[in-house]
Structure formats: C-alpha cells, structure tokens
Protein chains: 2
Amino acid sequence: MTTRSSTDAARVIPEATVARLPVYLRALTALADSGIRTCSSEDLATAAGVNSAKLRKDLSYLGSYGTRGVGYDVDYLRYQIAREIGVTQDWPVVIVGIGNLGHALANYSGFRSRGFRIVALLDADPDLVGRSVAGVVVRPFDDLEEIVREHDVAIGVIATPALAAQDVADRMVAIGITSILNFAPAVVAVPDGVDVRKVDLSIELQILAYHEQRKANGAVEPAAGAGEGGAA
Amino acid sequence: MTTRSSTDAARVIPEATVARLPVYLRALTALADSGIRTCSSEDLATAAGVNSAKLRKDLSYLGSYGTRGVGYDVDYLRYQIAREIGVTQDWPVVIVGIGNLGHALANYSGFRSRGFRIVALLDADPDLVGRSVAGVVVRPFDDLEEIVREHDVAIGVIATPALAAQDVADRMVAIGITSILNFAPAVVAVPDGVDVRKVDLSIELQILAYHEQRKANGAVEPAAGAGEGGAA
DNA sequence: TCCATTTTGTTCCCACGTTCACAAACTCCT
DNA sequence: AGGAGTTTGTGAACGTGGGAACAAAATGGA
Ligand SMILES: NC(=O)c1ccc[n+]([C@@H]2O[C@H](COP(=O)([O-])OP(=O)(O)OC[C@H]3O[C@@H](n4cnc5c(N)ncnc54)[C@H](O)[C@@H]3O)[C@@H](O)[C@H]2O)c1
Ligand SMILES: NC(=O)c1ccc[n+]([C@@H]2O[C@H](COP(=O)([O-])OP(=O)(O)OC[C@H]3O[C@@H](n4cnc5c(N)ncnc54)[C@H](O)[C@@H]3O)[C@@H](O)[C@H]2O)c1
C-alpha cells in the first residue's frame, strides 16, 4: 500500500486549471476586500476574465464548494483555492542575480502577500555582496547551499545574465531546489522531478509584434489573445 | 477581390507555434554566434528545449525552409522566422509606470537587440517626471497621446500598480495602442482587436508552489513542466 | 406542500495541440 | 548510375482543453 495523505481522492487537476487558480484567488481577494461575501460563478468569472462555464469546471476539480441556486462563499472558496495551491503557508524563496531585475524583485511587496518569503539575495559580484537591498543583505552565491539547508528552500529565482543561467540552475538542483523561476532568456535543462518556469519579456513582446504585424497587413484576427502561462 | 500582400497563401500559424518562434529565433542566434552555419531539426530542437517533431511541424507552417538530408541554413532560417514574427524592423514601445519594475525594464538591453525600441517612459508621479532613467527622460503620463502619434507606437507596457492598470489600458486603447504587455496583477479588459498579454510573477510562483506541494505529498508528477505563454 | 427560479456540477462534443511514424527528397560514396 | 544513409515535411492517431447545454439541487413564495 502506498502512503496516502488525508482525503486524497486521486485528484488530478489539469495544468491549464492550475494556471488559472491563482487568478481566481486574486479575484476572490479583490471581492473580499470590497466587502462581498457571496458571489456567483458569473460574478467571479467576470472578475477573473474568463468564461463562467470554464470557471465552474475548474472549481469542480477541487471539489463541490458552491451551493446551487446561491453561489460561492467568497472567504471559504478563497481558502480552499489557497490550500489547493499550497499558499496557506509561506514558501521560502532565494533570488540569484541582484542586478536591475533582481533589485526590482527584491523590492516587490506582492511576494509576501501572496505566500512567498524572500530568505536570501545572492550574487557573484563581490562589489554587490554585503550591500543591503530592500532591507536584505546580498550574500555571495557560494552561500547558496548553507541558506537552502537552513531555510529548507525549494524554490529558486534566476535573474542572472543568460550565460550564467544554466550554471546557476545546475547548482540549485545539486543542492536540492526542485522549482525554478527563470527570468534569463535561456533554455535551462533540469532533471526529471524539477520544475522550471520561464518568464521572458522579449518573447511576450515578439508575440505581440507578430499579431500587430498581421493587423497591419489587414488580416482579421479571430479573437484577442491574452497572455498566460501554460506547461510543456 | 480582397487586397492581398505579396505571397500571402492564407497561412494561419497556430498560437502555440507563434509562442515558440521567438524561442527558435533565440536558439538560432546562439548557434550563429558560435559559428554554426547549418543545423538539423534535432540540433535546433535540443537548443530550443523542444521535441524535434514539434519543431519541424512548427517550421512547416512558415514554409519549406529546410533541405532534406541536410537540415536548415541557420542564417536563412533565422531571417525567415524574424520576418514572420515581424522583428526585422524595430517596434517602438512606451513604458508606463517607472517604479521598481519600470526602472529595470528601462535598463534592459535585451529590448533593443530583439526588435524593440523604447521611445518613452511615462509616469504620473510629478517627482519622477523630468528625471533621467537609462538615458531617457521620464515624461508625464498625459504626454502619451503626443508620443504615440509622433512615433506611431502600437505596443504599450504597463508597469503601474494594479489599481491603475485598467485606467492606463483604457487611455492606451483610446489613443490607438493595439498591443499591451501588462505586468500589473490585474485583469485588464480591452475591446476586440486589442491584444493583451500578461506577465505575472506571483502566478508563476504559485504554479510552482502547487507542484512543489504535490511533490512533498508523495505524488508522482508525470513530467517537469516548463513555463510558456499561451493565448486565450 | 408544491412550483417557479436560480445557479451549480457535469456531460457531451468540438477544436486545438502533440507525438509517432513514414514517404519524399536530398547527399555522398562506390 | 545506383544504392545506402540522412533528414525534412506531413498524415494520422491521440490527448488535452474549451464551451454549450442541461440535469440536479438549493431557495423562496404562494
Ligand atoms: N532588466 C529587465 O527588465 C529584464 C527583463 C527581462 C529579462 N531580463 C533578464 O534577466 C536577467 C537579469 O537582468 P538584469 O537587467 O538584472 O541584468 P544585470 O546585468 O543588471 O544583473 C545580473 C546580475 O547577475 C549577477 N551574476 C552574474 N553571473 C552570476 C552568477 N554566475 N551567479 C550569481 N550572480 C551572477 C551579476 O553580478 C549581476 O548583478 C538577464 O538574463 C536579462 O536578460 C531582464
Ligand atoms: N517590482 C517587481 O519586481 C514586480 C514584479 C511583478 C509584478 N510587479 C507589478 O508591476 C507593477 C509595478 O511594480 P513596481 O514595483 O514597479 O511598483 P512601484 O510602485 O515601484 O511603481 C509604480 C509606478 O507607477 C506609477 N504610477 C502609478 N499610477 C500611475 C498612473 N495612473 N499612470 C502612470 N503611472 C502611474 C507610480 O508613480 C510609480 O512610479 C505593480 O503592479 C506590481 O504589482 C512588480
């Protein structure tokens, strides 16, 4: 018999749904902040910018948290989604590469409020090490292992130049990090069991440019495309 | 007869393919930089981090630019992809909201080298206006219309707080911007014909957290998921 | 109690995307 | 010239995701 935790009903949540859950969470938080205690799937779908049928199907993968004829309790659903995503507790995160982008990330308050805590800023540049950024002292990259072990870090952010990205990723993986968010415009290869997601500004702009060019050529675009993160 | 440009063979490139073309472009540039003049679909697929069959199918939507038994000419294919995406000339871009993130974006050199040119930095904060960021003087948000008309800007970047995002988007659309890259964690609604892509760091981290939680619970993940931008 | 109304959860079907597998097309060697 | 070897381009099978539509379940009023 394999070890099973609590009410594990062999639930498999489609990747596309997983990518939307954070959007629903954000929309629910906004609704709660404006004092709304109950909402229909239509209301929430509008706030999240999706089709209501899709929203209901997405939520149905988590369980039956609504009431027919009534709708969803905002706080309750919010908690259920947060629990499903795993952001009811904070995740420790390290950021490697404290240049232009690393500084912005370090100063970003949205981290903390959404379930993440920056436990360390790392850089290879000796001139940067020791300086304080957003109230956190930058430490040498070689401290990575010590920090990861001390705080039990599972998630690492790469904000170094593209050439260093694979090296940094290799070091992260070797030390036990199993989730990487990569901002460098480079493909990083990792072993099975490690997740990598990339954020690439230039790619996003190029996708927009492609559609822009088509518009200029008089082509009729079928629908407006919104950016989103999928999986490969 | 409808107006058709040059060799327009009613080509419709799937959205998923469009999202990967910039990755191929980057990989080809890297190959060219290391002096490689010809490559097989296998080589390029490895460099781009995708399956070779998928790569070949993607390229086949553009045309037949390879030679059977030989492979692809790196420079030639690179130009064809750049042309298809529309980055053989530079696209003028405006950035609105020059805070932490806006500063980083303004200082990002990768823009220029990938077909984009920042023509203006805009902010609503009078204290910021007039100051120079990355060699460009920050201008008041109200100058948006003038700038867009002068430079024929089609692409706008939103890096303001979430609360301001919809307002900024509305102004952009009213003035004629038809592609928006939104960094604010907010759903922005736009009319048909306008494309919006979003980049949301917190969502990416939350997706990683979800999978991380599953790993911790002993669930067997089917495969490592890499981040990518799809369309809605 | 019963019926009208509301809204969820789910089923069914279609479109899109991915991968396999192979014929077609090219090179190179004998 | 011909055959062996290589690699592209694509047809077909499969899987995932999206959306319409509807039965099931709740509320509230008569
Ligand atoms: N600045 C942006 O707005 C932006 C936007 C999109 C993507 N990016 C990408 O993000 C990455 C960072 O961009 P940036 O503008 O902050 O660059 P940057 O050059 O300002 O900063 C890079 C930092 O990484 C450090 N570094 C280099 N090698 C390292 C290593 N091996 N280990 C640890 N640290 C190392 C450097 O010391 C430097 O502080 C780049 O890959 C860039 O292409 C940046
Ligand atoms: N800093 C990050 O690393 C980071 C990461 C992910 C997402 N974001 C998001 O990006 C956005 C910007 O983040 P930030 O850290 O740079 O915030 P910030 O507060 O440092 O900067 C926001 C800037 O926008 C300007 N602004 C506000 N309202 C405006 C308006 N109506 N018109 C024009 N300008 C206006 C402000 O004056 C300020 O300069 C936020 O929505 C944030 O959630 C930031």
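Lettering follows sequence order; numbering is per chain, from 1.
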Kindly state which residues belonging to residues 30-51 of chain A come within less than 4.0 angstrom of DNA chain D, counting heavy atoms of the residue only, listed by number. A:Asn51
B:Lys54 NZ to C:dA21 P, straight-line distance once rounded to whole Å: 17 Å
Report yes if a donor N or O on one partner sits less than 3.5 Å from an acceptor N or O on the other, where the partners are the side chain of B:Lys57 and the base of C:dT19; otherwise report no. yes
What is the separation between atom CG on B:Leu77 and atom C1' on D:dT8, rounded to the nearest whole Å? 12 Å
Distance, rounded to the nearest Å, where B:Arg20 contributes CZ and C:dT19 contributes C1': 12 Å
In terms of the nearest nucleotide of DNA chain D, which residue is placed more toward the 5' end: A:Ala53 or A:Pro14? A:Pro14
Of all the choices, D:dG9, C:dG17, C:dG9, which nucleotide is nearest to the side chain of B:Ser64 once you look at every atom? D:dG9
Run the side chain to side chain contact (heavy atoms under 4.5 Å, CB included) check on B:Trp91 and A:Leu208 step by step: do they pass? CA-CA 10 Å; B:Trp91 289 89; A:Leu208 287 175; over 6 Å; no
Atom CG of B:Leu55 and atom P of D:dT8 are separated, to the nearest Å, by 8 Å
Could you tell me the separation between the CG atom of B:Leu201 and the CG atom of A:Leu105, rounded to the nearest 0.5 Å? 6.0 Å
Which is true for B:Tyr65 with a 4.0 Å heavy-atom rule: it touches a base, it touches only sugar-phosphate, or it touches nothing? sugar-phosphate
Derivation of the side chain to side chain contact (heavy atoms under 4.5 Å, CB included) call for A:Leu205 and B:Arg114: CA-CA 9 Å; A:Leu205 284 176; B:Arg114 291 187 178 83; over 6 Å; no
Is it the case that the side chain of A:Arg197 and the backbone of B:Ile207 share a donor-acceptor pair, with hydrogens and angles ignored and the cut-off at 3.5 Å? no
In whole Å, I'd like the distance from the CG atom of B:Asp73 to the C1' atom of D:dT8. 15 Å
Gap between atoms CG and C1', on B:Asp58 and D:dT8 respectively (whole Å): 14 Å
Write down the distance between CG (A:Leu21) and P (D:dG17), rounded to a whole number of angstrom. 13 Å
Step-by-step side chain to side chain contact (heavy atoms under 4.5 Å, CB included) determination, A:Leu25 to A:Val87: CA-CA 10 Å; A:Leu25 192 57; A:Val87 291; 4.0 Å; yes
Rounded at 0.5 Å granularity, tell me how far OH in B:Tyr108 sits from CZ in B:Phe116. 11.0 Å
Side-chain (A:Asp167) to main-chain (A:Ala164) donor-acceptor, under 3.5 angstrom: no
Summarise protein proximity over nucleotides 22-30 of chain D in one line of letters, 5' to 3': B for base, S for sugar-phosphate only, - for none, counting protein heavy atoms closer than 4.0 Å. --BBSS---
Within the pair B:Tyr72 and D:dG9, is there a side-chain N or O less than 4.0 Å away from OP1 or OP2? yes
Test side chain to side chain contact (heavy atoms under 4.5 Å, CB included) on A:Tyr210 and B:Ile13 and set out the steps. CA-CA 10 Å; A:Tyr210 170 81; B:Ile13 300 185; 3.5 Å; yes
Rounded distance (Å) that lies between atom C1' of C:dT10 and atom OH of A:Tyr61: 10 Å
Identify, with sequence neighbours excluded, every residue that meets side-chain contact (heavy atoms from CB on, under 4.5 Å) alongside A:Thr67. A:Val70
